[in-house]
S.K.: 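One structure is given below, represented as structure tokens, and several questions about it will come after.
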Amino acid sequence: MAVDLLGGDDAPAVVVDGALRAVRADPDLHLLLVGPTEVAAAVTDALTPAQRARTSVRPVRAAAGPAHHEPRADSTVHAAVAAVRDGAADALVSAGSTGATVTAAALGFGRWTDVRRPALVATLPAVAGPVVLLDVGGSLEPRPVTLARHAVLGAAYAAVAHAVDRPRVGLLSVGTEAGKGDRPRRAADALLVAAPLPCGARYVGLVEGYDVSLGARADVVVTDGFTGNVLLKAIEGAYAMAGGPPASGGAPRAAALLGVAGTVVVCHGAAGADDVASGIALAAHLWRRGASDRVRALLDGTAVPSPAGDRTNEVRP
């Protein structure tokens, strides 16, 4: 597991702490610490000899920085992507700039041949059970075919990562009646009514914001990355006001990136040590289940048609 030591608002301290917790909690976990040697030493020096044997270091001194959407070639996230691509690590975890991480992963690993817009997918601890929410920041453009394609990705992810049987898929809007929402949402609704979904998933129509927290109507909720990111952080704030998230799980401060040829987990920039440890554990879980390859395989035969008059192909033939 390649861990970007310099990614995050409070890096490297919280990343070091999170990496320590992850190694101690999982005896089968091996970490490649990507960052300055003195920062990596803060991890390795605190471990037992047996735990230390499960860590290695790739020295890099530069972070991508919050303003970089295309990370510099000598940044930690770029080096972590290279490590996974070259076989030195199985997966990547970073709490750094989302734009930099998504761009580095898309360029370094390549996108799936039928996905132009990778999506970040988070799992929320709703009242009735976990709810998969996407996109939460991978792609900000709410084009109808992108939303429809993300429904396919979300259904496959729910089945593979969380063993959800026949996932119920909903499209986030301002009401549940047909015709509600803006133009992209109305067009996406029409596409999803007719689009095939994998794993026996079924489209349940439009859902509202409270359906994300309740989880009674949908197992997968689809929206654009801008709205999804705002909603995710609003839910985190509501948890804080209420004294904590539901007993079924913690606040979702780590998201998996779908649509690139590798296992990537992006942690919230404001993630604490527990959040970083959870992100590392999520990446390990996804890699051990072969989630990326299994989700990719489920996309065959689920092409989403473009709306009439839309000449922008979000999905390659």
S.K.: With the side chain counted from C-beta on, respond yes when Leu191 and Asp189 share a heavy-atom pair under 4.5 Å apart, and no when they do not.
M.R.: no
S.K.: Val260 versus Leu257: any side-chain heavy-atom pair under 4.5 Å?
M.R.: yes
S.K.: Using atom types as modelled and distance alone, determine if a side-chain donor or acceptor of Asp275 lies under 3.5 Å from a backbone N or O of Gly272.
M.R.: yes
S.K.: Check the pair Val34, Val57 against side-chain contact (heavy atoms from CB on, under 4.5 Å), reporting the backbone distance first and the verdict last.
M.R.: CA-CA 6 Å; Val34 183; Val57 180; over 6 Å; no
S.K.: Quick one: closest heavy-atom pair of Leu206 and Gly175, and the distance?
M.R.: CB-O, 3.3 Å
S.K.: Hey, are the side chains of Leu29 and Arg54 touching, using non-hydrogen atoms and a 4.5 Å cut-off?
M.R.: yes
S.K.: Any chance you could measure Leu197, atom CG, to Leu192, atom CG, to the nearest 0.5 Å?
M.R.: 6.5 Å
S.K.: Honestly curious: do Trp287 and Leu92 fall in one hydrophobic cluster under the side-chain, below-4.5 Å linking rule?
M.R.: no
S.K.: Check Ile280 against Ala19 and note the closest heavy-atom contact, atom names and distance.
M.R.: CD1-CA, 4.0 Å
S.K.: Counting distance only, does the side-chain N/O of Asp135 pair as donor-acceptor with the main-chain N or O of Leu120 below 3.5 Å?
M.R.: yes
S.K.: Kindly indicate, with the supporting measurements, whether the criterion side-chain contact (heavy atoms from CB on, under 4.5 Å) is fulfilled by Val23 and Arg52.
M.R.: CA-CA 9 Å; Val23 170; Arg52 195 176 304 127; over 6 Å; no
S.K.: If you round to the nearest 0.5 Å, how far is CG of Leu31 from OG1 of Thr44?
M.R.: 11.0 Å
S.K.: Is the closest side-chain heavy-atom distance between Leu133 and Val136 below 4.5 Å?
M.R.: yes
S.K.: Could you check whether any side-chain N or O of His150 sits under 3.5 Å from a backbone N or O of Arg117, counting only pairs where one atom can act as donor and the other as acceptor?
M.R.: yes
S.K.: If I take atom CG from residue Asp26 and atom NE2 from residue His285, how far apart are they, to the nearest 0.5 angstrom?
M.R.: 12.5 Å
S.K.: List the steps, then state whether side-chain contact (heavy atoms from CB on, under 4.5 Å) holds for Leu47 with Thr55.
M.R.: CA-CA 10 Å; Leu47 298 173; Thr55 65; 3.7 Å; yes
S.K.: Do any N or O atoms from the side chain of Asn229 and from the backbone of Gly137 form a donor-acceptor pair under 3.5 angstrom?
M.R.: no
S.K.: Side chains of Arg296 and Thr113 only: does a donor on one sit below 3.5 Å from an acceptor on the other?
M.R.: yes
S.K.: Rounded to the nearest 0.5 Å, how far apart are CG of Leu33 and OG of Ser56?
M.R.: 7.0 Å
S.K.: Do Ser94 and Val265 have side-chain heavy atoms sitting under 4.5 Å apart?
M.R.: no
S.K.: When rounded to the nearest 0.5 angstrom, what is the spacing between CG in Leu232 and OG1 in Thr223?
M.R.: 11.5 Å
S.K.: Would you mind reporting whether His268 and Lys233 have side-chain heavy atoms less than 4.5 Å apart?
M.R.: yes
S.K.: With distance as the sole test, does Arg202 use its side chain to make a donor-acceptor pair with the main-chain N or O of Arg166 at under 3.5 Å?
M.R.: yes
S.K.: What do the steps show when you test Ser292 against Leu286 for side-chain contact (heavy atoms from CB on, under 4.5 Å), and what is the final call?
M.R.: CA-CA 7 Å; Ser292 180; Leu286 295 176; over 6 Å; no
S.K.: I'd like to know whether CG of Asp86 has more than 12 heavy-atom contacts from other residues, nucleotides or ligands below 6.0 angstrom.
M.R.: yes
S.K.: Just verifying a value: how many Å separate Leu107 CG and His78 NE2, rounded to the nearest 0.5 Å?
M.R.: 8.0 Å
S.K.: With clusters defined by side-chain heavy atoms of hydrophobic residues (ILVMFWY) lying less than 4.5 Å apart, directly or transitively, does Phe226 cluster with Leu172?
M.R.: no
S.K.: Within the distance-only criterion (no hydrogens, no angle test), does the side chain of Arg111 pair as donor or acceptor with the backbone N or O of Gly259 below 3.5 angstrom?
M.R.: no
S.K.: Do Val230 and Leu140 belong to the same hydrophobic cluster, where Ile, Leu, Val, Met, Phe, Trp and Tyr are linked whenever their side-chain heavy atoms lie under 4.5 Å apart, directly or via other members?
M.R.: yes
S.K.: Indicate whether the side chain of Thr123 and that of His162 have a donor and an acceptor atom separated by less than 3.5 Å.
M.R.: yes
S.K.: Tell me whether Leu5 shares a hydrophobic cluster with Leu20, the cluster being built from Ile, Leu, Val, Met, Phe, Trp, Tyr side chains joined at under 4.5 Å.
M.R.: yes
S.K.: Would you indicate whether the side-chain heavy atoms of Val207 and Ser173 approach each other to under 4.5 Å?
M.R.: no
S.K.: Donor-acceptor pair, Ser213 side chain versus Tyr210 backbone, under 3.5 Å?
M.R.: no
S.K.: When you measure from the side chain of Arg21 to the backbone of Ser278, do you find a donor-acceptor pair of N or O atoms at a distance under 3.5 Å?
M.R.: no
S.K.: Give me the atom names and distance for the closest heavy-atom approach of Ala271 to Val276.
M.R.: CB-CG2, 4.3 Å
S.K.: If you take all heavy atoms of Gly154 and Val132, which pair is closest and at what distance?
M.R.: O-CG1, 4.4 Å
S.K.: Does one hydrophobic cluster hold both Leu282 and Val164, with members joined at side-chain heavy-atom distances below 4.5 Å?
M.R.: no
S.K.: Going by heavy atoms in the side chains, are Pro198 and Val152 under 4.5 Å from each other?
M.R.: yes
S.K.: Would the distance check show the side chain of Arg58 and the main-chain N or O of Leu32 forming a donor-acceptor pair, the cut-off being under 3.5 Å?
M.R.: no
S.K.: Could you tell me whether the side chain of Arg289 and the main chain of Val160 form a donor-acceptor pair under 3.5 Å?
M.R.: yes
S.K.: Specify the closest pair of heavy atoms between Val220 and Ala158, including all atoms of both residues, with the distance to one decimal.
M.R.: CG2-CB, 3.7 Å
S.K.: Heavy atoms only: give me the nearest Thr263-Ala283 pair and the separation to one decimal.
M.R.: CG2-O, 3.9 Å
